[in-house]
Amino acid sequence: YSSAASDVYKRQAPLDRAKPSAELMLRIVDGLIAALIFVLPFIMGGREAWGHWFLITTAFLLAAAWSAYAVLSGARYAFSWLEYFFLAGLAIAWFQVQPQSAEALQAFSPEYARLLSFWSETQPTDSTWTSISFTPRETRHAFWVFVAYSLIGIVVFQRARTMRDCERLLKYVGTSGLAMTVFGLWQWGLSNGNFFWFYEHPYTDTTVHLKGAFTNRNHFAQFLTLSLGPLLWWLVSEARSLFNLSLIHISEPTRPRLI
């Protein structure tokens with residue numbers, strides 16, 4: 001009996017030792033998701049170079065943390081069909097910066113010959129344009145941004161497996177929008193023209209319109225609109241819980257008191 005029990009303990013011991021590590025990895029995953037929801041919008045809406053850096057770095061850390069959690073916990077990958085769309089988007093971005101012949105560019109659009117004729121006048125005689133994208137450097141950068149989006153989408157789909165997980169994400173989004181609203185009003189009311197009172201943007205300021213941490217007021221409005229749905233759901237959910245709780249108290253029979 002003691003030998004059999006020892007064998008069972010030896011087989012279970014690695015799993016038991018891995019469980020705290022798996023829980024730690026899961027907490028890191030949740031923390032990185034929260035950072036993307038709460039921190040990234042305040043880095044100029046993620047549109048500046050440092051916002052792109054934070055987005056791409058956090059996305060790769062998120063994927064690594066989830067992979068470690070999956071290995072430690074034995075979690076299986078759940079296919080979402082989103083992978084096909086992510087691969088298609090990455091393939092389009094990759095194809096746009098691949099060298100093409102003049103005939104291929106002409107087949108894609110006759111406008112290449114007209115537009116590139118002006119470019120050719122300012123280049124050496126042996127220079128030829130070969131990519132579909134007119135801004136290949138930006139397209140290559142956008143490729144990595146889309147890789148980050150894909151990793152985030154895949155990991156969030158793997159992580160949000162229960163109703164409680166989905167509700168937590170909705171509360172995160174609603175709270176982030178509410179925080180951005182408070183910050184936008186505060187920054188606009190006490191503005192010195194700079195974002196966060198120290199960053200001077202070359203093309204816009206914070207004195208004319210409410211912008212929060214966004215350089216474009218439309219992006220600020222769109223971000224707040226994104227949080228309206230979760231906030232309304234949260235309000236209705238809490239009101240329904242209070243209403244049900246009040247019904248329980250009303251339906252409870254009154255007990256006679258002992259004098």
Side-chain angles (χ1 to χ4, degrees), residues 29 32-67 79-102 104-116 118-120 122-123 127-159 169 173 176-177 180 195 199 201-204 211-227:
V29 168
L32 292 172
I33 293 175
L36 290 168
I37 296 175
F38 290 103
V39 179
L40 181 60
F42 283 91
I43 308 180
M44 306 307 294
R47 299 193 66 205
E48 304 286 334
W50 38 335
H52 291 174
W53 172 85
F54 183 86
L55 171 67
I56 296 172
T57 303
T58 306
F60 276 93
L61 290 175
L62 179 64
W66 178 260
S67 299
F79 186 73
S80 65
W81 296 95
L82 294 174
E83 292 83 353
Y84 289 122
F85 295 97
F86 293 146
L87 290 175
L90 293 174
I92 292 173
W94 173 83
F95 183 72
Q96 289 184 25
V97 296
Q98 299 308 304
Q100 306 291 336
S101 63
L105 293 177
Q106 184 69 15
F108 279 107
S109 175
E111 289 296 304
Y112 280 100
R114 182 180 67 85
L115 295 175
L116 292 176
F118 299 101
W119 174 83
S120 301
T122 62
Q123 304 298 318
S127 297
T128 57
W129 191 271
T130 60
S131 67
I132 296 176
S133 173
F134 282 116
T135 54
R137 180 178 297 180
E138 285 74 11
T139 303
R140 292 188 184 96
H141 180 74
F143 175 87
W144 290 107
V145 173
F146 194 78
V147 168
Y149 290 153
S150 303
L151 293 176
I152 294 169
I154 291 173
V155 173
V156 170
F157 182 85
Q158 304 299 316
R159 177 65 184 93
L169 285 175
V173 174
S176 179
M180 183 64 72
F195 288 89
Y199 176 58
H201 196 275
Y203 302 117
T204 185
K211 296 179 180 178
F214 296 85
T215 57
N216 189 310
R217 59 176 178 173
N218 294 333
H219 297 165
F220 174 67
Q222 291 165 3
F223 183 78
L224 300 188
T225 303
L226 180 67
S227 66

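Small disclaimer: the values here were computed from a predicted structure and weren't measured.
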What residues form a ring pair (Phe, Tyr, Trp, His ring centres under 6.0 Å) with W50, not counting sequence neighbours? Y199
I56 and V147: CA distance, side-chain angles, deciding distance, side-chain contact (heavy atoms from CB on, under 4.5 Å) verdict: CA-CA 8 Å; I56 296 172; V147 168; over 6 Å; no
Is there a side-chain contact between L169 and I37 in this structure, where contact means two heavy atoms from C-beta onward sitting under 4.5 Å apart? yes
Donor-acceptor pair, side chain of W53 and main chain of L55, under 3.5 angstrom: no
If you define the side chain from C-beta out and look only at heavy atoms, does anything of F60 sit under 4.5 Å from W144? yes
Beyond-backbone contact of L36 with L62, side-chain heavy atoms, under 4.5 angstrom: yes
Let me confirm one number: the CD1-CD1 distance from I33 to I152, rounded to the nearest 0.5 Å. 9.0 Å
Counting only N and O atoms by type, is there a donor-acceptor contact under 3.5 Å from the side chain of S133 to the main-chain atoms of Q96? no
For F157, I'd like to know if atom CZ has over 12 heavy atoms of other residues, nucleotides or ligands within 6.0 Å. yes
d(L224 CG, M180 CE) to nearest 0.5 Å is 8.0 Å
Where does the angle between the aromatic ring planes of H219 and F214 fall among parallel (under 30°), tilted (30 to 60°) and perpendicular (over 60°)? perpendicular
Hits for ring pair (Phe, Tyr, Trp, His ring centres under 6.0 Å) against H52, two or more places apart or cross-chain, chain-then-number order -> H141
What pairs with F86 under ring pair (Phe, Tyr, Trp, His ring centres under 6.0 Å), at least two apart in sequence or on another chain? none
Evaluate whether atom CZ of F134 has more than 12 neighbouring non-hydrogen atoms of other residues, nucleotides or ligands under 6.0 angstrom away. yes
I43 side chain reached by E48 side chain, heavy atoms, under 4.5 Å: no
Nearest-0.5 Å distance that lies between atom CZ in F54 and atom CZ in F42: 12.0 Å
Measure centre to centre between the rings of F79 and W81, then say whether the value is under 6.0 Å. yes
Any non-hydrogen side-chain atom of T215 less than 4.5 Å from a side-chain atom of Y203? no
For P41 and S176, which heavy atoms make the closest approach, and how far apart are they? CG-OG, 4.2 Å
